[in-house]
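Heads up, the thing below is written out as structure tokens.
Hydrogens, waters and symmetry mates are skipped; everything else that's a heavy atom, side chains included, is used.
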Amino acid sequence: MHHPLTDTEATQAASQIDLLRQSLRSVLFGQDALIENVLTGLLARGHILLEGLPGLGKTELVKGLSKSLGLDSKRVQFTPDLLPGDITGNPMLQETDTGRRFIFQPGPLFANLVLADEINRASPKTQSALLEAMQERRVTVMGETHFLPDPFFVLATQNPIELEGTYPLPEAQLDRFLFKLEVRANNAATLEQIVLNREIGVEPQVSQVLSQENLTTLLDLVRRVFMPVPVANFIARLVHATQPSQPHSGGIHYGASPRAALALAAASKARALIEGRLNASYEDVRHAAPPVLRHRLLLDYRAKLEGLTPDLLITRLLEHTPAQDAPLPTTLKAAKL
Amino acid sequence: MSAAPGSDEKFWHAAARGLSRRIHFGWWLDHWLTLLIPLSFVGAITILALRYWQNIPTQLALLGLASALLLSSLAAYLWMRRHREPLNATQIRLEDALGLKARLSAAAVGIGPWPPARSDISLPVTYRPGRPLIMVASGAALLSASLLIPISRSQPEKPRVIEPPSALQEVQAWLDNVKKNDAANPESIVQVEEKMAELLRRPAQNWYEHASLEAADHLRDVTAADLQQLAQNLADAERATNALAASAAGFGIPQAAKDSLQQTLQNASQSMQGTGMQPGGDLMDALKSIDTSQLSSMSSDQLKDLAKQLAQNQQSLQEALKNSPGLDLSNIPEGRPGKEEGEGEGDKQGPGGGGPSRGPGTAPVTLASEDTQLDTNKIETLKNPLDLSRLATGDALSVTNGTAKVDPKNYQGPQQGGATATPGDGGAAVWQNTLIPAERETLKRFFK
């Protein structure tokens, strides 16, 4: 059992996170919501799946994050011929003092921050190797286990266009990602800002604002954020409401797993710390619900035919899942103040 | 300015209690409204039934209405208790609606301070007035309608009284009047009443059967005859007594006439002492005490007293029955009533003499070619009851024999059914019959 967070700790944490936020905003223009969600995912110790068109700044975000935190980062471009050993590392035969022997050469996964670009283009075998490493935070090669560095975050991207020759991630593997974020196109004002402040071939200058130790402390503080029983109850009811047997889950073929509930709780706590609060709230849950649940809901054919999206269904579920589940009498109606 | 310790907590607890009260009232209202319509319906039916069956005092109606409302309120309250929300549950509504980021729930378990009290807090639930208004209005309309719509009160069912047949009522009226005037011997009246009672002893639904009616009619006829007989006897006796008194007073009456008078008095006295209706008062005793063989030895005063008693009894009898239709005793003829010669022939019963349920039945009138033989030689004529001063439309004044006048010129022989009787003259009929003279002239000129 963790000690509850104190006001001082929460305030200090919020100011540190704000520094990180400002640093990322100097790298990525016009994507405040994306930055907010990435920070939330990072603090919740989750891996993030980014979906968006090429050139929207996903790689820049990862680079900026690694520089701001002073983390070791690697980028892997996934292709169909990429083998599991290409990302996990391979034993290499080397001359040593004791003779020739296989020495493990770590792959790009051995970094604090890994950008897995276009993960859906790799073969399922390679995808599986990556996702197993994400879950277990270790790699086993030739019977020898190698632990991944701590902290370890994977930001994977996938391109929603040109899906020919790709291998869509199975739902069970999608579940390993805490968030699925949609990177939206920039508006004209943002593009103008990018044109004025960026140049092709020139890396943006980002200074480190937090150390790795600071990040570890923040991650520990997130765990100490208080989760009130009514909020936990709200999370449980919301996740349960995604089950196809529930009244407002029309269009959902498979609902979210208990891991989704844990992810929601962790994301809510992280968001509470970002705002310098001592406890998670219903608002945190509502805010975290779309990125947590959208890749965990499998829609049925009827929903697809009707053009429903996971986000629409999540909005509907949130509307029908009040913070207090006891019904109101028909002579009264709830009002937001 | 910092608030007093614990004041924020009290404030939010008070706000939660206020919200809780509103929610509980909402549940109570919900349940009460659910009960209201059935209750109003039952109340309306009850009011209508009470108005139909008996008068309802306004105070009682209002008391009943108030009691029903009170009971329904109590039932709704008990029902509401199932939905009672604890204070921490209400806090969840409050913190969610006010955007307090679950701080009330956290502070309640000691995590962080209570949010500062707000001066302008409004409860996050509002009333929906539509349903309560509609249901209360419906209930009131139902009750008002049951109170205001015109309804006829139920009439208590009157016991079915079957009047005795009119003949018996008539006889009873005669007897009552006779008894009242002491015009006949009570014993003879009791005998008639026993006969009436015997007839009425039968079930009332049988009183109007043909046999019962016939028996009643017979009793009436016999009683009427007895009363007429009594009146006649009294008149005969009184005349004879008066004549004998005059004779005793010295008026010269032949012996044969005197014997006849004595015989008349003797016959009348014996008849009055026999069966049937007997004279009332002391007259009966006086008649019994007279030795008819010694009538010639009676003094004039004795005879006058007897005559006076007879006259009084006769007077009483006529007075008693003066208003009895069909029994007129005011003009008693001399002689014996009922002994006159009838108009019919012979004395045997002929066809048609039976009653409706017995006897030989209807007269053998048939449509056969032979004449109906009724064994009579006398031609009887029907009396024409037609009163010309009271003629009504449709009454036949007379029936005469004659021959129908048929105009042979108009008769065109037998025709087929549906055939046209007057086929007309074709186009000529049209222009000759439908056009006005000016048009007719124009057409004539055209065709020339």
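With respect to the salt-bridge test (charged N to carboxylate O, under 4.0 angstrom), the residues A/R45 and A/D220 qualify. B/R202 and B/E209 are joined by a salt bridge, as a carboxylate oxygen and a charged side-chain nitrogen come within less than 4.0 angstrom of each other. The pair A/E36-A/R21 counts as a salt bridge, with a side-chain nitrogen and a carboxylate oxygen less than 4.0 angstrom apart.
At a cut-off of 3.5 Å, with distance as the only test, a side-chain donor of A/S211 or A/N214 sits close to an acceptor on the other residue. Side-chain N/O atoms of A/E283 and A/S281 include a donor and acceptor closer than 3.5 Å. Under the 3.5 Å distance criterion, with hydrogens and angles disregarded, no donor-acceptor pair is assigned to the side chains of B/N206 and B/S212. If you check the side chains of A/T40 and A/N37, you find no donor sitting under 3.5 Å from an acceptor. A/S15 and A/Q12 share no donor-acceptor pair across their side chains, judged by distance under 3.5 Å alone.
Proximity to chain B among residues 246-263 of chain A is not found for any residue, judged by heavy-atom separations below 4.5 angstrom. Scanning residues 313-327 of chain A against chain B with a 4.5 Å heavy-atom cutoff picks out A/A323, A/Q324, A/A326, A/P327, ordered by number. For a heavy-atom cut-off of 4.5 Å, chain A lies close to B/R131, B/P132 in residues 129-138 of chain B.
Between B/H83 and B/W28, the gap from one ring centroid to the other reaches at least 6.0 Å.
Heavy atoms closer than 4.5 Å to chain B are found in both the backbone and the side chain of A/P329. Using a 4.5 Å cut-off between heavy atoms, A/A272 makes no contact with chain B at all.
Note on B/L33, B/L100, B/N88, B/L29: by heavy-atom pairs under 4.5 Å with chain A, the leading option is B/L29. For the options B/Y127, B/F25, B/W27, heavy-atom pairs under 4.5 Å to chain A are most numerous at B/W27. Note on B/Q91, B/E95, B/R103, B/H31: by heavy-atom pairs under 4.5 Å with chain A, the leading option is B/E95.
Nearest approach of A/L219 to A/P151, heavy atoms of both residues: CD1-CB, 4.3 Å. Listed here is the closest heavy atom pair of A/V225 and A/L5: CG2-CD2, 3.8 Å.
One distance of note links CZ of A/F234 with OG of A/S268; it measures 9.0 Å at 0.5 Å rounding.
Proximity of a side-chain donor or acceptor of B/W114 to a complementary backbone N or O of B/L104 within less than 3.5 Å is not detected.
In terms of the side chain to side chain donor-acceptor pair (under 3.5 Å) criterion, B/Q169 has no residue partners (sequence neighbours excluded).
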